[in-house]
Amino acid sequence: MAVTLYGDKSLSDDRPTVQVTAVSWPGEDEQAGKSAGSGRGPGSWSRRARVLLAGVLAAVVLAGVGGAAAWAYAGDVPRGTTVLGAELGGRSRTEAARELRAELDRRSATLNAPFTVLVGEKKAQLTPAEVGLAVDVDATVAAAAEAEAGPTGRLFGSREVKPVVTVDAARLDAKLREIVGKQGREMTMPAIIFTGTTPKPVYPKPSLALDPERSTEVVRDGWLAGQPVTVPLVEKHPATTREEVDQLVTELARPAVAAPVTLSTDKGKVTIPPAAIARGLRFSADDAGKLTPRVDVKRLRAALGDRLAAIEVAPKDAGLTIAGGKPKVVPGRAGKQVDSAALGRDLLAVLPKSDGRTVTATLKTAEPELTEAKLAELGIKERVSTFSTRFPGGLSSPRSQNIIQAAKDVDGTIVEPGKTFSLNGHTGERGYDQGYKDAPVILGGKLVPGVGGGVSQFTTTLFNASYYAGLEDVEHKPHSYYFSRYPAVIESTIFWPDLDFKFRNNTPYGVLIDTSYTSNTITVSMWSTKIYDSVKTEYGPRRNITQPKTVYLEPGPKCIAAVGSEGFTQDAFRVIKKDGKVVKREKFTWTYDAEPKFICGPEPS
């Protein structure tokens with residue numbers, strides 16, 4: 001037996017030798033690896049085996065990569081993508097939507113449960129359904145499908161996509177406003193108001209209110225968190241500051257009324273006195289609270305009265321008068337006037353100056369605003385409502401004269417379709433210069449002397465005439481105390497400049513306001529084209545009745561006694577019929593305070 005020694009180069013084997021014939025590979029170079037005899041060399045197989053193995057391994061690797069890529073990019077939603085814990089990755093949009101809806105169904109008890117909102121110092125519960133909170137499945141799946149994920153991220157990464165939440169912003173804002181209650185406050189707009197020729201500033205104050213866009217954002221983001229949602233109250237400041245108001249008073253309002261202005265034309269000169277300047281100079285704030293001065297030439301003309309007649313001829317609007325129970329057209333005419341736009345601009349430029357207070361103006365042809373042709377198109381042909389109230393004291397009393405003066409100021413006014421009538425805007429400040437006298441007014445809960453007292457009775461009469469004409473109520477405020485001479489609830493007070501009465505002509509026809517009076521009554525009628533069968537009032541019962549208390553006042557000329565009256569709350573319903581059917585039923589509610597019994601004298605011991 002032969003023994004092999006490790007390291008011995010010569011091997012010996014007594015087994016017979018076997019000849020092996022090499023296998024030839026197609027296309028192989030016949031010269032490569034040839035030996036001296038007829039067979040191939042032993043190195044040729046080793047190389048071919050390595051090539052074959054490498055090819056097999058490459059094929060396996062490529063197949064693996066291709067399979068992994070196919071797996072990673074399967075479906076519309078990148079693998080590893082979840083929404084609310086639901087795995088949507090690797091699915092088609094339809095499958096992903098089905099899976100997400102299933103997850104929402106599993107969470108329905110939680111998602112539909114009331115959640116807490118904190119608004120200022122108030123806490124309340126909101127139900128998702130009442131404000132339209134919901135998960136938009138299709139939009140959420142679309143967002144998940146568009147989530148950024150590269151090849152490695154798709155194989156090994158994960159991502160959580162926030163659900164797309166929808167909310168009804170208008171319904172949410174309405175609910176949140178209920179929660180806010182008295183915590184909020186309206187913005188106080190800046191203003192400068194003249195009392196006679198004394199400018200008085202009204203300083204701006206910021207509003208404290210909801211920001212609907214911000215409210216929607218925080219509720220939408222916080223709903224699914226399972227924690228109370230804090231909704232902010234936001235302060236919004238007027239664009240004009242307190243300092244800027246003071247600057248306008250110092251640099252414009254006070255100098256404006258410090259001396260007269262001379263208006264010079266080729267027809268002569270007119271002096272514009274400080275009182276007229278104060279009447280025409282207006283400081284108006286826009287919605288953002290930006291205070292801007294301007295000259296209201298119409299008010300300036302009214303304040304100048306007959307002064308301008310020396311240099312110009314005013315145009316006259318066509319009008320209507322009631323004759324024989326029918327409206328009759330009063331023709332208008334063109335005039336020759338100072339150009340209003342130029343006058344307002346040039347006058348505003350000289351008002352801050354202490355000298356050189358002269359405005360040079362040219363006269364231009366001025367057409368009437370309301371022509372006969374336009375008047376004919378308004379369709380004013382019949383009386384559609386009328387209302388009267390009685391006043392005590394006869395025509396000689398100051399209170400009665402104030403009522404009649406207001407009636408004269410308004411008589412013949414035509415309100416075009418879509419326009420809003422403002423009593424304060426029409427008469428302006430009701431002072432001595434405008435023909436008003438001292439008479440009792442309610443101030444601070446009691447009757448005190450004041451210029452223009454009694455105009456509230458005309459306001460109530462005008463309000464009722466517009467009410468029974470079916471016109472839209474824009475602004476009115478009943479009295480604090482009930483007076484039996486007025487219909488309960490359906491009445492209105494007025495006070496310059498804070499309380500106004502406004503109505504809008506919401507018909508396709510013009511409306512003529514016609515006023516008349518006797519020694520103890522005031523009447524307002526509305527003329528137009530009748531569009532309703534009837535307008536009536538239905539009253540609910542009085543409730544929450546309170547009794548007056550007795551108050552003793554220091555006797556003297558400023559003390560005005562009162563017998564007192566009960567306080568109560570009552571509803572009134574305006575019922576409007578057309579073509580035999582009720583087309584509108586409007587509710588008006590008011591609470592009257594009990595008017596104290598005022599006695600001018602010391603309290604009994």
- Check whether any side-chain heavy atom of T262 lies under 4.5 Å from a side-chain heavy atom of R357, and answer yes or no. no
- Taking Q183 for the side chain and E121 for the main chain, is one N or O donor matched with an acceptor at less than 3.5 Å? yes
- Message: Could you check whether any side-chain N or O of S492 sits under 3.5 Å from a backbone N or O of H476, counting only pairs where one atom can act as donor and the other as acceptor?
- Response: no
- Query: Between A256 and L281, which heavy-atom pair has the shortest distance, and what is it?
  - Reply: CB-CD2, 3.7 Å
- Query: Is there a side-chain contact between V202 and I192, using heavy atoms and a 4.5 Å cut-off?
  - Reply: no
- May I have the step-by-step check of side chain to side chain contact (heavy atoms under 4.5 Å, CB included) for D411 and K408, ending in yes or no? CA-CA 5 Å; D411 187 42; K408 289 178 178 179; 5.7 Å; no
- Establish, for the pair R574 and Y467, whether the NZ or CZ atom is under 6.0 angstrom from the six-membered ring centre and no further than 45 degrees off its axis. yes
- Message: With a 3.5 Å distance limit and no angle check, can you tell me whether Q401 reaches the backbone of S396 through a side-chain donor-acceptor pair?
- Response: yes
- Task: State whether R307 and E312 are salt-bridged, where the test is any N-O pair (Lys NZ or Arg NE/NH1/NH2 against Asp/Glu carboxylate O) under 4.0 Å.
- Result: no
- Message: Determine whether a donor-acceptor pair (N or O, by modelled atom type, separation under 3.5 Å) exists between the side chain of T216 and the backbone of P212.
- Response: yes
- Give a yes or no answer on whether the side chain of N464 reaches the backbone of F387 with a donor-acceptor pair at less than 3.5 Å. no
- N402 (side chain) donor-acceptor with V455 (main chain) under 3.5 angstrom: no
- For R383, enumerate each residue passing the side chain to side chain donor-acceptor pair (under 3.5 Å) test, keeping only those at least two apart in sequence or located in another chain. none
- Query: What distance do R504 atom CZ and T507 atom OG1 have between them, rounded to the nearest 0.5 Å?
  - Reply: 9.5 Å
Tell me which donor-acceptor pairs under 3.5 Å the side chains of residues 288-300 have, and how far apart each pair is, sequence neighbours excluded?
unit_1: D296; atom_1: OD1; unit_2: K298; atom_2: N; d: 3.2
unit_1: D296; atom_1: OD1; unit_2: R299; atom_2: N; d: 3.2
unit_1: R299; atom_1: NE; unit_2: R279; atom_2: O; d: 3.1

- Query: Side chains of T589 and D571: is there a donor and an acceptor less than 3.5 Å apart?
  - Reply: yes
- Query: Looking at residues at least two apart in the chain, or sitting in another chain, which of them share a side chain to side chain donor-acceptor pair (under 3.5 Å) with R585?
  - Reply: E538
- Message: Under a 3.5 Å threshold, yes or no: a donor from one side chain and an acceptor from the other, between T521 and T518?
- Response: yes
Could you tabulate the donor-acceptor pairs under 3.5 Å formed by side-chain atoms of residues 524-532, not counting sequence neighbours?
unit_1: S525; atom_1: OG; unit_2: T386; atom_2: OG1; d: 2.8
unit_1: S528; atom_1: OG; unit_2: G510; atom_2: O; d: 2.7
unit_1: T529; atom_1: OG1; unit_2: G379; atom_2: O; d: 2.4

- Any sub-3.5 Å donor-acceptor pair from D500's side-chain atoms to N424's backbone N or O? yes
- Message: Could you walk me through whether F588 and D473 satisfy the side chain to side chain contact (heavy atoms under 4.5 Å, CB included) test, starting with their C-alpha distance in whole Å, then the side-chain angles of each, then the deciding distance to 0.1 Å, before giving a yes or no?
- Response: CA-CA 11 Å; F588 295 80; D473 174 39; 3.7 Å; yes
- Message: Restricting to side chain to side chain donor-acceptor pair (under 3.5 Å), what partner residues turn up for S388, sequence neighbours left out?
- Response: T523
- Message: Can a side-chain donor-acceptor contact be found between Q457 and T389 if the only test is distance below 3.5 angstrom?
- Response: yes
- Note on the structure: Sorted by chain and residue number, the side chain to side chain donor-acceptor pair (under 3.5 Å) partners of Y468 (sequence neighbours excluded) come out as T537
- Query: Taking C-beta and beyond as the side chain, do T240 and V245 meet within less than 4.5 Å on heavy atoms?
  - Reply: yes
- Task: May I ask you to decide if K381's main-chain N or O and Y509's side chain share a donor-acceptor pair within less than 3.5 Å?
- Result: no
- Query: Less than 6.0 Å separating the ring centroids of F501 and F463?
  - Reply: yes
- Please confirm whether Y592 and H479 have ring centers closer than 6.0 angstrom. no
- Message: Is it the case that the side chains of R430 and Q405 hold a donor-acceptor pair, with the cut-off being a distance below 3.5 Å and no angle test?
- Response: no
- Determine whether L263 and L343 make a side-chain contact, defined as any pair of heavy atoms from C-beta on separated by less than 4.5 Å. yes
- Task: Answer yes if the side chains of S397 and S400 hold a donor-acceptor pair under 3.5 Å, and no otherwise.
- Result: yes
- Item | From E586 atom CD to I576 atom CD1, the distance as rounded to the nearest 0.5 Å | 5.0 Å
- So V338 and V359, side chain to side chain contact (heavy atoms under 4.5 Å, CB included) or not? Walk me through it. CA-CA 11 Å; V338 171; V359 173; over 6 Å; no
- Heavy-atom closest pair (F458 atom, L423 atom, distance to 0.1 Å) is CE2-CD1, 4.2 Å
- Message: Check E369 with K374, please: is the shortest side-chain N to carboxylate O separation under 4.0 Å?
- Response: no
- Would you check, one step at a time, whether the test side chain to side chain contact (heavy atoms under 4.5 Å, CB included) holds for T188 with Y203? CA-CA 7 Å; T188 299; Y203 293 116; over 6 Å; no
- Side-chain donor or acceptor of E251 paired with backbone N/O of L248 under 3.5 Å: no
- Would you indicate whether the side-chain heavy atoms of V218 and P232 approach each other to under 4.5 Å? yes
- Item | Cationic N near anionic O, under 4.0 Å, E217 to R214 | yes
- May I ask you to decide if G268's main-chain N or O and T265's side chain share a donor-acceptor pair within less than 3.5 Å? yes
